[in-house]
Amino acid sequence: MNKKIIIRTLEKIALYMELKGENPFKVSAFRKAAQALELDPRSLAEMDDVTKLKGIGKGTGDVITELMDSGKSSVLEELQAEVPKGLVPLMKLQGLGGKKIAKLYKELGIDSAEALKQACIDHTIQKLPGFGPKSEDKILQELMEFDSRPGRHPIWKTEEAVATINEVLENIKEVSEYSVAGSYRRTKDTSKDLDFIVATAEPAKVKDLLLAALPVEGTIASGTTKVSVTVEFQDPIDIDFRLVAPEEFVTALHHFTGSKDHNVKMRQLAKSQNKKISEYGVEQEDGTIRTFKSEEEFFQHFGLPFIPPSVREDGRETDRIEELPELVTIEDIKGDLHMHTTSSDGANSLKEMIDACRSKSYEYMVITDHSQYLKVANGLTPERLLAQNKEIRELNKEYKDIEIFSGTEMDILPDASLDFDDDILKQLDFVIASIHSSFQQPQEQIMERMLTAMKNPYVHMIAHPTGRIVGQRGGYDPDVEQLLDWAKEYGKIVELNASPYRLDLAVEFLEMAQEKEVPVAINTDAHAIEQLEVMAIGVRHGQKAWLKKENVVNTWPLEKLKAYLKK
DNA sequence: GCCGTTTTCGGCCCGACTGTTTTCAGTCG
């Protein structure tokens with residue numbers, strides 16, 4: 001029995017219990033059991049007794065055992081017999097939770113979205129105790145909008161909204177400090193909504209100014225310290241603003257940066273020290289509230305080093321603090337191994353790209369324009385590539401402060417051949433191989449193409465290994481584990497493409513790469529000088545996988561990298 | 001349902017907002 005199926009079953013049981021209106025602690029016990037399994041790196045076969053895991057006891061352990069023995073769960077089956085399936089999607093509606101849905105089912109027999117809609121239209125909802133005319137209106141509204149609302153927003157779409165809001169906040173003089181928080185600050189590749197913390201002594205005034213400056217489409221909640229609105233940018237997106245007093249800024253920022261699991265862990269830790277964390281400060285044993293000047297100081301208060309937002313995820317980060325000093329940081333980056341110029345589809349010339357990298361104080365850089373197959377990107381023919389190679393060699397003599405490698409981003413063609421012959425490739429310093437075509441091929445064919453590149457002795461790196469676009473397309477679906485095994489076997493680097501459109505490899509695969517000791521390069525794939533800045537996003541994405549500096553080749557000094565590429 | 005260096009019962013992170021109440025339950029993050 002697959003571990004993932006067991007995890008999903010435990011979560012499903014929790015969901016059905018919620019719909020039954022079960023004790024919330026019992027519900028969360030099943031969620032915690034699912035999480036305990038998920039966070040344990042071992043396979044089920046490797047665990048002799050699951051109840052030894054913290055969070056799994058007799059009840060949840062029995063469910064797991066039954067699933068392993070018979071492939072089914074009588075607990076889930078009983079719940080499913082009792083709770084209509086049609087109630088499950090109702091949990092997604094804003095403002096409706098397990099208890100209210102359970103009540104609607106028990107009292108009115110509502111067992112589906114359609115039945116709920118009809119009950120709203122017939123005005124039977126508002127007669128139910130605990131519900132009223134406003135609830136009825138809201139539910140109906142939610143039901144109408146639900147299908148058209150986007151789920152999670154990819155980071156490349158939210159960036160624009162964040163920049164706009166930052167600008168608005170910057171220009172309100174009553175705002176003393178502000179920051180985006182939430183999953184965006186943690187550099188998740190998608191976000192459900194955006195959170196902003198705003199420090200001000202005049203919350204009411206700031207609230208009015210803020211709402212007046214934004215294209216607000218609707219209001220979800222509007223209190224004195226918390227405002228939730230739907231704002232119309234490219235797509236409508238929900239934004240939470242928390243207005244706090246200046247001294248509360250740091251604890252509020254920490255709280256609303258999350259993750260939820262990280263906060264739970266921190267609060268438990270505080271409790272064990274007889275303290276209490278809230279968004280307003282840390283209550284000491286004697287009842288006084290302590291506030292902080294910085295998050296560093298906040299963590300220090302609990303005897304912890306600064307934990308960067310990027311790794312505040314599953315709550316285990318507080319147990320991995322000894323690894324924090326080894327994490328890759330933006331200051332460690334010594335070069336960028338993937339960028340384009342006007343020779344192919346870039347917006348800036350060779351010299352402009354070089355000057356931009358010099359101003360970033362990089363030790364080295366690689367020019368990697370597209371190859372001839374990619375006609376839409378004006379890919380270079382062997383002749384143009386060799387001419388560029390010569391030009392780079394000349395420029396390299398001229399610039400003493402940076403080493404300019406001559407490279408290519410060569411297509412792996414649909415027929416599993418490579419776009420350049422070996423006698424061309426061997427004249428280059430750095431060869432990237434990547435797939436830009438025939439994504440729909442079956443996995444065996446994709447993998448055959450990858451294997452050709454892996455086996456070629458002149459190829460150094462596989463770029464954007466899965467071809468995904470965050471929140472838009474899945475890519476060409478390679479068997480990533482196999483790919484990483486090959487990379488290890490044939491000595492290839494895999495890329496962490498830092499473009500917010502890609503962030504490819506994804507976090508789980510980067511973890512796998514590090515475990516298999518496959519070196520990673522964090523590259524911007526810049527098509528214009530401004531895009532060199534996405535390196536910071538890539539680094540934070542890498543931190544989410546706990547990538548260590550030593551495993552990221554472009555943190556290495558020039559000589560070490562050169563020696564590695566030559567072998 | 002799970003857990004225990006206040007250990008087999010009683011708590012489980014903490015607080016804001018809404019809509020319903022007339023003091024609070026439910027939902028959300």
Side-chain angles (χ1 to χ4, degrees), chain A residues 10 13-14 17-36 50-64 75 79 90-104 125-139 141-142 181-186 191-197 203 207 219-229 238-244 248 251-252 254-283 289 315:
Chain A
L10 288 167
I13 290 172
M17 283 180 165
E18 221 174 350
L19 285 166
K20 238 185 94 182
E22 265 283 12
N23 173 4
F25 294 111
K26 188 169 166 181
V27 174
S28 92
F30 277 85
R31 297 226 160 93
K32 275 183 196 153
Q35 206 194 14
V50 285
T51 61
K52 280 189 181 142
L53 280 183
K54 198 171 180 299
I56 298 180
K58 179 156 188 335
T60 49
D62 284 350
V63 171
I64 296 169
V75 175
L79 283 164
L90 302 185
M91 283 296 283
K92 291 225 170 75
L93 299 176
Q94 177 93 250
L96 279 188
K99 296 205 170 160
K100 284 191 176 174
I101 295 171
K103 197 166 185 180
L104 288 166
I125 304 277
Q126 54 172 290
K127 293 183 191 114
L128 210 56
F131 292 78
K134 280 197 180 172
S135 311
E136 197 175 82
D137 280 354
K138 236 180 115 180
I139 292 169
Q141 194 68 28
E142 277 289 311
S183 49
Y184 183 89
R185 183 162 181 251
R186 301 200 312 275
S191 297
K192 188 161 96 39
D193 58 10
L194 291 174
D195 300 277
F196 283 84
I197 308 304
K207 178 179 161 183
T219 304
I220 302 152
S222 181
T224 49
T225 67
K226 180 184 166 181
V227 189
S228 300
V229 288
D238 290 349
I239 306 184
D240 284 351
F241 292 99
R242 304 294 300 222
L243 304 157
V244 298
E248 295 160 355
T251 39
H254 175 265
H255 175 81
F256 291 103
T257 296
S259 71
K260 199 183 157 106
D261 289 336
H262 171 79
N263 286 353
V264 168
K265 192 69 187 285
M266 286 302 295
R267 283 165 187 230
Q268 284 166 345
L269 180 66
K271 211 168 174 172
S272 72
Q273 302 178 6
N274 292 317
K275 295 167 184 162
K276 197 163 91 175
I277 300 178
S278 83
E279 50 261 58
Y280 303 113
V282 177
E283 194 182 317
I289 306 288

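All chains are named by letter (A, B, ...) in the order of the sequence lines, taking the proteins before the strands, and each is independently numbered beginning at 1.
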Please give, in whole Å, the distance from dA16(B) P to K207(A) NZ?
-> 15 Å
How close or far is atom P of dG11(B) from atom NZ of K271(A), stated in whole angstroms?
-> 9 Å
Protein-to-nucleotide contact annotation, 5' to 3' order, nucleotides 24-29 of chain B [B base; S sugar-phosphate only; - none; under 4.0 Å, heavy atom] = --SSSB
Validation row: D238(A), K192(A) side chains within 4.5 angstrom (heavy atoms) = no
Under the side chain to side chain contact (heavy atoms under 4.5 Å, CB included) test, residues paired with A270(A) that sit two or more places apart = K275(A), I277(A), F302(A)
Return no unless some side-chain N or O of S135(A) is found under 4.0 Å from OP1 or OP2 of dT20(B).
-> yes
Strictly by modelled atom types, are E136(A) and Q126(A) linked by a side-chain donor-acceptor pair under 3.5 Å?
-> yes
Extract all donor-acceptor atom pairs below 3.5 Å that involve side chains of residues 97-104 of chain A and protein atoms in other chains or at least two apart in sequence.
residue	atom	partner	partner atom	Å
K103(A)	NZ	P129(A)	O	2.8

Whole angstrom value for the distance that separates P of dG1(B) from CD1 of I13(A) | 11 Å
Think Y280(A) has a side-chain N or O under 4.0 angstrom from the OP1 or OP2 of dC14(B)?
-> no
Taking only residues two or more places apart in sequence, or in another chain, which ones meet F196(A) in a ring pair (Phe, Tyr, Trp, His ring centres under 6.0 Å)?
-> F241(A)
Filtered N/O pairs between nucleotides 3-6 of chain B and protein, under 3.5 Å:
residue	atom	partner	partner atom	Å
dC3(B)	OP1	G55(A)	N	2.6

Which sits closer to the 5' end of DNA chain B, K138(A) or S278(A), going by the nucleotide each is nearest to?
-> S278(A)
Determine the Euclidean distance between corresponding C1' atoms of dC14(B) and dT20(B); express it in Å to zero decimal places.
-> 23 Å
Minimum-distance nucleotide to S222(A) side chain [options: dC12(B), dT18(B), dG15(B)] | dT18(B)
Examine dC2(B): is either OP1 or OP2 under 4.0 Å from a nitrogen or oxygen in the side chain of T60(A)? Give yes or no.
-> yes
Across all chains, not counting sequence neighbours, the side chain to side chain contact (heavy atoms under 4.5 Å, CB included) partners of S228(A) are I220(A), A221(A), K226(A), D240(A)
Rounding to the closest angstrom, what is the interatomic distance between dC13(B) and dC17(B) at atom P?
-> 22 Å
Take atom P in dT27(B) and the same atom in dT21(B), then report the distance between them in whole Å.
-> 15 Å
Qualifying residues under salt bridge (charged side-chain N to carboxylate O under 4.0 Å, His left out), relative to E22(A), sequence neighbours excluded = K26(A)
Interatomic distance where CD1 belongs to I220(A) and C1' belongs to dA16(B) [whole Å] = 14 Å
Quick one: is T225(A) getting a side-chain N or O under 4.0 Å of the dC17(B) phosphate, OP1 or OP2?
-> yes
Is it the case that K207(A) and S222(A) place a side-chain donor and acceptor less than 3.5 Å from each other?
-> yes
Under a 4.0 Å N-O cut-off, is there an ion pair linking K58(A) with D62(A)?
-> yes
Could you check which nucleotide pairs with dT8(B) in any of the strands shown, counting Watson-Crick or G-U wobble with both distances under 3.5 Å?
-> none
In whole angstroms, the gap separating P of dC2(B) from CD of Q35(A) amounts to 15 Å
T224(A) near the nucleic acid: base, sugar-phosphate alone, or nothing, with a heavy-atom cut-off under 4.0 Å?
-> sugar-phosphate
Excluding sequence neighbours, so at least two apart, what forms side chain to side chain contact (heavy atoms under 4.5 Å, CB included) with S135(A)?
-> F131(A)
The side chain to side chain contact (heavy atoms under 4.5 Å, CB included) partners of H254(A) (sequence neighbours excluded) come to H262(A), N263(A), M266(A), E295(A), F298(A), F299(A), R312(A)
Whole angstrom is fine here: how far is it from CZ in F25(A) over to P in dC14(B)?
-> 10 Å
Span that lies between the P atom of dG19(B) and that of dC12(B), in whole angstrom = 29 Å
Rounded distance in Å - CD1 (I289(A)) to P (dC14(B)) | 12 Å
Whole angstrom value for the distance that separates P of dG1(B) from NZ of K26(A) | 4 Å
Pairwise C1' distance, dT8(B) and dT18(B) [rounded to whole Å] | 40 Å
P atoms of dA16(B) and dT7(B), separation to the nearest Å = 32 Å
Gap in Å between the two C1' atoms, one belonging to dC28(B) and one to dT22(B), rounded = 24 Å
